[in-house]
*Asks:* 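Below: one structure in structure tokens.
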Amino acid sequence: MTRAPILSFTDKGIYCAAGDFYVDPWYPVARALITHGHADHARPGMGTYLATDGTLPIMRHRLGDISAESIAYGQVIRIGDAQVSFHPAGHVPGSAQIRIEVGGEIWVASGDYKITDDGLSEPFEPVPCHHFITESTFGLPVFRWAEQATVAAEINTWWSACAAAGKTAFLGAYALGKAQRLLSMLDPDIGPILTHTAVENSNRVLRGQGYTLPATRHASADLIPKNHPGAIVICPPSAMGSTWARRFGPQETGFASGWMAIRGIRRRRAGDRGFVISDHADWEGLLSAIKQTGAENIYVTHGYTDIFNKYLNENGWQSRVIPTQFEGETAGAEEQA
Amino acid sequence: MKRFATLFNAIDQSTKTTVKVAALAAYFTEADDLDRLWTVALFSGRRPKRAVTTTRLREWAAEVAGVPLWLFEDSYAIVGDLAETISLILPATLSGDNRPLSQWINDLRGLADVDEAARKAFVLNAWQRLGGSERFVFNKLITGGFRMGVSQKLMTRALAQATGKSEAELAHRLMGNWHPDTHSWHSLIEAEDASADASRPYPFYLAYGLEQEPQDLGAPSDWRAEWKWDGIRGQLILREGAYFVWSRGEELMTDRFPELARAIDHLPSGTVLDGELLVWQAGADKPASFNALQPRIGRKTVPKKLLSEAPVVLHAYDLLEWQGDDIRDRPFAERRALLEMACVDLPSDAPVKLSPQLAFPDWDRLAEYRRDARDAHAEGLMLKRADSPYLAGRKKGDWWKWKLEPLTIDAVMIYAQSGSGRRANLFTDFTFAVRNGDDFVPFTKAYSGLTDAEFRQITAWVRKNTLQKFGPVRQVTPHHVFEIAFEGIQPSSRHKSGVALRFPRMKRWRKDKPLAEANTLDDLNEMLRIYG
Ligand SMILES: [Zn+2]
Ligand SMILES: [Zn+2]
């Protein structure tokens, strides 16, 4: 007897018939379960949302007045015939993998994830399952992340050199997640830490939930740059080179992203420095996550899908590529999602 | 190697010319003679003979990384650089090696004399001992291509800072056939009497495209004009009874153009000509089009038949050395007069011809010449100030090229492929088609011409409008119209459409044009009839 799979891949996104809900849907649906607050996963227009306690405040901040409920990590609830729970994905603070069990069969939609502990996000938790949906943003063996401490030292060395040369260091990163992770890596003894409005807004929400971040100062329009010599400014990449940024006078620009591993992309960004740091798993990270789930059936999305899928199939998994509208796949070097 | 890798990083990490030059100058001041000599050699495209084939490198790297070869190859296709792919895919290691650059190069050259097992052992050991950018640099030493973000111009400037010599002198010293085996730092850079070998060319003077109206250049009488030929720029050197032909890319092409040997019979030793290599059929009154030159390009030896079908001449337009004297400092008008005198007795079958000057009383007349350029098989005009010296490299002010407007056609994008290296995560390589009834007939590919923002935009669109995937190629919904600019068109049996374009690129993304207004196969054939 064959039966319909627990999760199916539809035009609107990942759908669970047993519970009549979607995971990270692309188009408006009645009920949406959201893995994390990045814009290509948490979209507006859903009837009702369910997300972790850590993610919901960010969603409310970004999506405004929505009908939503939140859930703690590990708490099991019933939706229709499905048992659902959320587990840390280690991607950004509050991010989750969603475990769905129907009639003893377990599926995990992992959203975006990384398996290294960044000291800020709740560390990735392997969830045993039969079917595992994985991203593959950096699903090539050329992507190998260095220890966070190594990259932190590179960034701090660069910042010190900028400060010594009388320049402001501008470090570009996505406003939610990456920016806060970078903040936690900075050595506040070097100088003042300033933040762009978009970053400071995320900071406020995360601090409100009890995440610890170093002291920052909002670089608003009335901040006087020369009163903050030797500063580093954390901002979205789009703000670099803007009128706002030019007020700071002599400056260097750095860019933090997994894509910076590739020299060609690093040079195309035309900043002064590229730092290789990502909130997505690297090649080894993806493989180890998949192994730890014990799943035999893998669904690859979001990235170097064809290549990663072929490798998995050659190495004993039943794997297939599923279509995606997640833009994080290659969103320039911005690596948003 | 550490110092060289540090230099490499400093250059690679900065986009600012001043920072790069300062890093290079500091290196040229501090490094020992052999290392700095090799650095100059590497940055000017001279590399040690390849000790290991890239096929072996790929196999060994895949083996050490523990990945199947196809996965290595797929990764390479995305990264776009073999040396980089290898250094990224191998397990990280800490560097603990103090051998200087020249020592590494010598060891690599020594591999020519040992068997493959020993080569492999050497390479694998190096991969293990060299971390990060040192490993990348090591791989580059094997695979070549060290001109990374350091132009000859930039290196010459740094050398000038480090040695106190002028850039022009250094540029000349670095031209031609030298090698770290035949020269020392002293003989190449410092020695008073740079006893150059007979083949040493002069740096080419390169013009920028005209940005303003020619009227803004001043009085027409201050200027000289000639056709801008559509061939291969070349320098013909006649010294010590021998001849040498250099390309603009500093490639010695003497053996490819044996017909130029007869120049020795007609011009005295101690003559250096700047000109254009063009096919010129016996008895013709103008050169053949660029299409005729095509079969001669990239051919190291020339079969007799081809030599008679497509005979090449040097169309001379400048004289750099006369009677053994470097006359580049003299005004162009004076050099030109000497050139005309030298060419006055050339028989019509000599392999050197004088490129004519175009008389123009006013700028309007010159504009008329430009409009006729295609008929003359030229790609536009060259404007040279009468009193200009022959400078080294690309300089603004005295020389301008005033090219024809390119040909254009509005085409439909039907396939997309992602780029590599700089553009590894964008769709940048597109195939374009013309309409033929309800069909789309592909006729050209194009890669360049859009801004990064446009590439990002089209990338997002391609992802959502893919009809089918063929490996890395995606067939997309015919929807977007692009204006394709190109320099020439010719019949081709290798292309389905029956035509091949020269230098096709995307001039504009015609978001304003609906599909139905793209050009048709009939339009394309009409262009072939007129311009082919
Ligand atoms: Zn994300
Ligand atoms: Zn994402």
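Given the structure is predicted, the values throughout are model-derived calculations rather than measurements.
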*Asks:* About how many Å separate CH2 of Trp158(A) and CD of Gln13(B), when rounded to the nearest 0.5 Å?
*Replies:* 11.0 Å
*Asks:* Using 0.5 Å steps for rounding, measure from the CZ atom of Phe136(B) to the CZ atom of Arg263(A).
*Replies:* 4.5 Å
*Asks:* Evaluate whether atom CZ of Phe503(B) has more than 12 neighbouring non-hydrogen atoms of other residues, nucleotides or ligands under 6.0 angstrom away.
*Replies:* no
*Asks:* Working note: Lys469(B) + Asp306(A), criterion side chain to side chain contact (heavy atoms under 4.5 Å, CB included); need CA distance, chi angles, decisive distance, verdict.
*Replies:* CA-CA 10 Å; Lys469(B) 290 187 193 177; Asp306(A) 294 347; 3.5 Å; yes
*Asks:* With only heavy atoms counted, which part of Ile86(B) is less than 4.5 Å from chain A, the side chain, the backbone, both or neither?
*Replies:*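 Contact with chain A is absent: no heavy atom of Ile86(B) under 4.5 Å.
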*Asks:* How about Tyr304(A) and Ile78(B): do any of their side-chain heavy atoms sit closer than 4.5 Å?
*Replies:* yes
*Asks:* Please examine the side chains of Phe72(B) and Pro141(A), heavy atoms only from C-beta on, and report whether any two atoms are closer than 4.5 Å.
*Replies:*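 Not in contact.
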*Asks:* Can you tell me if Glu296(A) has over 12 outside heavy atoms packed within less than 6.0 Å of its CD?
*Replies:*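 Atom CD in Glu296(A) is not crowded, with 12 or fewer foreign heavy atoms closer than 6.0 Å.
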*Asks:* Heavy-atom pairs under 4.5 Å with chain A: which of Ala65(B), Pro91(B), Ser418(B), Gly66(B) has the most?
*Replies:*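 The candidate making the most pairs under 4.5 Å is Pro91(B).
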*Asks:* Can you establish whether the number of heavy atoms outside Gln318(A) located under 6.0 Å from its atom CD is more than 12?
*Replies:*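 No, CD of Gln318(A) has 12 or fewer neighbouring heavy atoms, counting only those of other groups under 6.0 Å.
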*Asks:* With side chains defined as the heavy atoms from C-beta onward, is the minimum distance between Ile307(A) and Trp70(B) less than 4.5 Å?
*Replies:*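 Result yes, sub-4.5 Å side-chain heavy-atom pair found.
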*Asks:* What verdict does the salt bridge (charged side-chain N to carboxylate O under 4.0 Å, His left out) test give for Arg266(A) and Asp12(B), after you've listed the backbone C-alpha separation in whole Å, the side-chain angles of each residue and the deciding distance to 0.1 Å?
*Replies:* CA-CA 9 Å; Arg266(A) 209 156 62 225; Asp12(B) 200 46; 3.6 Å; yes
*Asks:* Contact part of Glu284(A) toward chain B, heavy-atom cut-off under 4.5 Å: side chain, backbone, both or neither?
*Replies:*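 Neither part, no heavy atoms under 4.5 Å.
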*Asks:* Which atom pair, heavy atoms only, marks the closest approach of Ala261(A) to Glu84(B)?
*Replies:*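 Closest approach of Ala261(A) to Glu84(B), heavy atoms only: O-OE2, 3.6 Å.
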*Asks:* Would you call Asp272(A) and Lys16(B) a salt bridge, taking side-chain N to carboxylate O under 4.0 Å as the test?
*Replies:*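 Salt bridge present between Asp272(A) and Lys16(B).
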*Asks:* Can you give me the closest heavy-atom contact between Ile89(B) and Arg144(A), atom names plus distance?
*Replies:*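 The answer is O-NH2, 2.9 Å.
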*Asks:* Would one find more than 12 heavy atoms of other residues, nucleotides or ligands at under 6.0 Å from atom CD of Gln475(B)?
*Replies:* yes
*Asks:* Go through the steps to decide whether Trp283(A) and Leu71(B) satisfy the test side chain to side chain contact (heavy atoms under 4.5 Å, CB included), and finish with yes or no.
*Replies:* CA-CA 12 Å; Trp283(A) 172 258; Leu71(B) 182 53; 3.6 Å; yes
*Asks:* How far does CG of Leu88(B) sit from CD1 of Ile262(A), to the nearest 0.5 angstrom?
*Replies:* 7.0 Å
